[in-house]
Amino acid sequence: QMQLVESGGGPVQAGGSLRLSCAASGRTFSSYAMGWFRQGPVNERAFVAAISRFGGDTRYADSVKGRFTISRDTAKNTVYLQMDSLKPEDTAVYHCAARPYLISTRSGDYANWGQGTQVTVSS
């Protein structure tokens with residue numbers, strides 16, 4: 001079981017940037033694909049980005065492609081979400097998540113979740 005601790009959320013102006021971090025516990029970090037999801041206005045947990053075990057494969061929602069970048073640092077047991085050119089519609093609670101081995105864009109495939117961090121983008 002992975003323990004995930006998120007940080008980096010907060011208020012930001014439209015057009016600005018934030019870098020979210022998710023620190024994972026344990027020595028098996030490289031066995032897990034990681035993802036970022038956000039809680040939308042209708043309370044769904046929508047896919048944002050995902051990264052494979054070794055970082056060679058990444059996936060993005062169309063709404064964030066070209067603006068957000070997911071990455072991971074195995075030595076630090078941390079996954080990042082770099083968010084640039086932020087828009088008010090990016091306002092959400094952002095969650096990181098982990099699942100064994102295989103990358104996925106579906107929230108139901110992830111069993112390990114962080115607590116969530118609020119991102120608020122003002123116009």
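Using the six-membered ring where Trp is involved, Y94 and F68 have ring planes that are tilted, between 30° and 60° apart.
For D90 and K87, the salt-bridge test fails: no basic side-chain N is under 4.0 Å from an acidic carboxylate O.
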L20 and E6: CA distance, side-chain angles, deciding distance, side-chain contact (heavy atoms from CB on, under 4.5 Å) verdict: CA-CA 7 Å; L20 305 184; E6 297 161 296; over 6 Å; no

For S63 and R38, run side-chain contact (heavy atoms from CB on, under 4.5 Å): C-alpha distance rounded to whole Å, both residues' side-chain angles, the deciding distance at 0.1 Å, then the answer. CA-CA 12 Å; S63 58; R38 62 189 182 188; 3.4 Å; yes

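Taking 4.5 Å as the limit, some side-chain heavy atom of F29 sits within range of a side-chain heavy atom of M34. I70 is not listed as a side-chain neighbour of R59, based on a closest heavy-atom distance of 4.5 Å or more. Proximity of S30 to F54: side-chain heavy atoms (C-beta onward) are separated by under 4.5 Å at one or more points. Contact check for R106 versus F47: no side-chain heavy atoms found under the 4.5 Å cut-off.
Under a hydrophobic clustering in which Ile, Leu, Val, Met, Phe, Trp and Tyr are joined whenever their side-chain heavy atoms come within less than 4.5 Å, directly or via other members, V121 and L81 fall into the same cluster. Note: the hydrophobic cluster containing Y32 also contains W36 (ILVMFWY, side chain heavy atoms under 4.5 Å, direct or indirect links). The hydrophobic clustering, which links ILVMFWY residues whose side-chain heavy atoms are closer than 4.5 Å, places V64 and V93 apart.
Heavy atoms from other residues, nucleotides or ligands lying under 6.0 Å from CD of Q118 number more than 12.
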